[in-house]
Amino acid sequence: MRPGDRGAAYTDYFRTLNQELKYHGPMRPVLLIDLDRLDHNIDVVMQSVQRGGKHLRLVEKSLPAPGLLAYICKRAGTQRLMSFHQPFLNHDALTFPQSDILLGKPLPVRSAELFYKTHKGPFDPARQLQWLLDTPAHLQQYLALAQGLSTRLRINIELDVGLHRGGVADNATLGQMLGLIRANPQHLEFAGFMGYDPFVGMGVPGILGSADELFAKVMQQYNNAVDFTRQQFADLWRADLTLNTAGSPSYRIHEKESLSSEVSVGTAMLKPTHYDLPSLTEHVPAAWIATPVLKRTGAVRIPALDGKSKLFSWWDANQRETYFIYGGNWMAEYESPAGLQSNGLYGRSSNQEMVNGSSAVGLEVDDHVFLRPTQTESVLLQFGDLLGVRGGKIVESWPVYS
C-alpha cells in the first residue's frame with residue numbers, strides 16, 4: 001500500500017522549454033502554444049475535412065486569441081469562424097473583416113442589439129453573420145430587433161440531434177420557425193442548420209450504443225429536418241445553406257456522411273486532457289501552462305502539525321520535496337517533471353500553491369513546473385499574452401480576447 005516513487009527529472013522536451021523560459025520568459029505563469037505540435041493537429045484536421053468533402057469552421061471560444069486564430073486560419077485555408085460571446089463577436093468582425101461567422105449558441109436578443117450598436121468596420125452582418133436560434137419565441141425577439149434596426153438577419157436553426165441541450169427536436173417547432181422566416185423575407189433569411197454531436201466521440205458506456213449507432217441517430221435527426229424543409233419550405237432551400245455539424249470529439253466520424261457542408265473544430269487543435277479520446281488519438285497536446293518555482297522548502301510540513309509532518313514524507317517518497325509555485329489552482333494537471341502533485345491537506349492556492357514531489361524531480365528555485373490544461377476556452381484567457389514556441393524557442397506573443 002505504500003506509494004512508490006513517481007518522480008523523474010524533465011524530459012529533453014521540457015528541459016529545453018525550461019531553459020528558454022528561464023532566460024527569455026517573463027518569470028510568471030504563462031500559457032505556451034507549441035507551434036510544431038499545433039501544425040501537426042491542423043494538418044490532421046484538414047486531411048479529415050478534405051476526405052469528407054467539407055469546410056472547416058474554427059471554434060473561436062476554444063482558441064481565444066486573434067493571433068492564434070489567424071495562424072490556424074492561414075494554415076487551414078479557412079475564413080469560417082464560430083463565435084459564442086458578444087464582445088468576442090465584435091472583435092471577430094473587426095479583426096477578420098472577410099470572415100463568415102456563425103454563432104455557436106443562441107444569445108439573448110439584448111446581446112445581439114449590443115453587437116449592432118458597437119459594430120464598426122467593413123464586415124457586413126447582413127451577408128457574413130448567422131445568428132443561431134432555437135425556439136419560435138427566440139426567433140420572434142430577433143424579428144423585432146431586425147424590424148427596429150431596419151435590417152435583415154440571417155438565421156441558422158439549432159437542431160437537437162441527441163445532445164438534449166435545447167434546439168429544435170420536432171417538425172412542428174421547425175415549421176413554426178421556418179414559417180416565421182418565410183413570412184418576413186425583408187427582415188429574416190434562412191441560413192441553414194447546426195447540429196452539435198460531441199457525445200458521439202466522447203465514449204459513452206457501450207450499453208447506450210456504439211459510436212456508429214449514436215452517429216446513425218444523429219444523422220437521422222439531421223436528415224429529418226433537411227427533408228422536412230425541402231418538402232414543406234422548398235422556397236427557402238438553397239444549395240449554399242450552411243449545414244454545420246460535429247465538434248472536436250466527433251469531427252472525424254463525419255467523413256462517413258455527405259449531408260453536412262462543414263464541421264466545427266476548436267479544442268482538438270490544442271488537445272487538453274479532457275480531449276484524450278479514442279477519436280483524437282492522432283492529435284498531440286500543444287498547450288502548456290508554465291510557472292516558476294518561487295520556493296523550495298524540503299519535506300512536506302503541514303501547519304499545526306510541525307514536526308509530526310515527518311510521517312508524511314517517511315511514508316510517501318512523493319512528499320519529500322516541497323515547492324511553492326507562482327500562482328496555481330488552475331484547471332490543469334501536472335505534466336513535468338513527473339510525479340508532482342498538489343497537497344490536499346495543505347489546501348489549494350491561486351497565489352502560491354504547494355506542490356510536492358520526490359527527490360528525483362530535481363527542481364530548483366526559478367525552474368518551471370509544466371501543467372497541461374484540462375480545457376482551453378477559459379484557461380487560455382488567464383495568463384495574458386499566449387507565447388508561441390517553435391523548436392523550444394519563443395517566436396510569437398499573442399494577446400487574448402478581452
Side-chain angles (χ1 to χ4, degrees), residues 4-45 62-63 65 67-68 71-72 75 248 267-277 280-294 296 318 321 323 325-328 330-342 353 355-376 379-380 382-398:
D5 188 335
R6 297 186 295 272
Y10 290 126
T11 61
D12 289 343
Y13 175 80
F14 287 106
R15 184 177 296 109
T16 299
L17 288 177
N18 180 53
Q19 289 298 110
E20 175 70 3
L21 289 169
K22 286 178 76 170
Y23 293 107
H24 302 290
M27 272 295 166
R28 57 171 172 75
V30 293
L31 199 298
L32 304 179
I33 305 295
D34 186 313
L35 301 182
D36 299 306
R37 289 168 171 243
L38 174 59
D39 287 350
H40 168 84
N41 292 339
I42 296 170
D43 294 346
V44 168
V45 171
S62 303
L63 307 162
L68 174 62
Y71 180 93
I72 300 174
R75 188 173 183 93
S248 284
T267 307
M269 297 295 187
L270 300 176
K271 198 180 182 181
T273 63
H274 285 180
Y275 285 71
D276 285 338
L277 303 170
L280 296 176
T281 54
E282 288 189 54
H283 289 247
V284 293
W288 313 107
I289 297 168
T291 191
V293 173
L294 299 178
R296 177 186 176 190
N318 302 288
E321 292 289 350
Y323 306 98
I325 60 174
Y326 195 146
W330 298 292
M331 296 175 64
E333 298 175 7
Y334 291 102
E335 181 73 20
S336 187
L340 295 177
Q341 58 191 25
S342 298
E353 181 144 38
V355 182
N356 294 125
S358 80
S359 300
V361 303
L363 283 175
E364 301 290 347
V365 170
D366 290 346
D367 281 334
H368 285 74
V369 169
F370 295 90
L371 303 93
R372 187 176 166 208
T374 59
Q375 60 153 258
T376 62
V379 177
L380 265 64
Q382 298 177 34
F383 299 89
D385 293 0
L386 308 180
L387 298 184
V389 296
R390 190 180 295 284
K393 302 294 183 183
I394 299 170
V395 296
E396 296 284 358
S397 180
W398 289 321

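In terms of the salt bridge (charged side-chain N to carboxylate O under 4.0 Å, His left out) criterion, residue partners of E282 (sequence neighbours excluded) are, by chain and number, R252. Qualifying side chain to side chain donor-acceptor pair (under 3.5 Å) partners for Q382, counting only residues two or more places apart in sequence or in other chains: none. With sequence neighbours excluded, the residues satisfying side chain to side chain contact (heavy atoms under 4.5 Å, CB included) with P292 are M27, Y326, H368. Scored by the side chain to side chain donor-acceptor pair (under 3.5 Å) test, S358 finds D5 as partners (sequence neighbours excluded). The ring-ring contact (aromatic ring centres under 6.0 Å, His included) check on Y275 picks up nothing, with sequence neighbours excluded. Residues passing the side chain to side chain contact (heavy atoms under 4.5 Å, CB included) test with H274 are T374, sequence neighbours excluded. Remark: N356 engages T322, N343 in a side chain to side chain donor-acceptor pair (under 3.5 Å) (not counting sequence neighbours). With sequence neighbours left out, the side chain to side chain contact (heavy atoms under 4.5 Å, CB included) criterion links N41 to H283, V284, A286. Legend: residues meeting salt bridge (charged side-chain N to carboxylate O under 4.0 Å, His left out) with R75, ordered by chain and number and at least two apart, are D39, D43. Residues that satisfy the side chain to side chain donor-acceptor pair (under 3.5 Å) test with K22, not counting sequence neighbours, are D367.
At least one side-chain heavy atom of L31 sits under 4.5 Å from a side-chain heavy atom of P373. Put simply, the side chain of I33 does not reach to within 4.5 Å of the side chain of Y71, judged on heavy atoms. Side-chain contact between L21 and F370 is present, with heavy atoms from C-beta onward closer than 4.5 Å. Put simply, the side chain of L63 does not reach to within 4.5 Å of the side chain of L380, judged on heavy atoms. Two residues are said to be in side-chain contact when any heavy atoms from C-beta on lie closer than 4.5 Å; V389 and E20 fail this criterion. Side-chain atoms of R372 and K271, non-hydrogen and from C-beta on, do get closer than 4.5 Å to each other.
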Give the table of side-chain donor-acceptor pairs shorter than 3.5 Å for residues 331-341, with sequence neighbours excluded, one pair per line with atom names and distance.
residue	atom	partner	partner atom	Å
Y334	OH	S342	OG	3.3
Q341	OE1	R6	NH2	2.6

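Residues N318 and G7 share a closest heavy-atom pair of OD1-N, 3.8 Å. The minimum heavy-atom distance linking A65 with L386 is given by the pair CB-CD1, 3.7 Å. Closest of all the heavy-atom pairs between L32 and A290 is CD1-CB, 4.1 Å. Across every non-hydrogen atom of L280 and A268, the tightest pair is CD2-CB, 4.0 Å. Of all heavy-atom pairs spanning Y323 and V293, the tightest one is CD2-CG1, 3.9 Å. The two atoms that bring Y23 and Q19 nearest to each other are CD1-O, 3.0 Å, heavy atoms only.
With values rounded to the nearest 0.5 angstrom, D34 atom CG is found 8.0 Å from W288 atom CH2. In this structure, CD1 in I72 is found 5.0 Å from CD1 in I42, a value given to the nearest 0.5 Å. Distance CG/N18 to CG/D366: 9.5 Å, rounded to 0.5 Å.
At least one donor-acceptor pair closer than 3.5 Å links the side chain of R37 to the backbone N or O of P285.
Considering V361, L17, T16, L363 in turn, L363 is the only one that fulfils the side chain to side chain contact (heavy atoms under 4.5 Å, CB included) rule with Y10.
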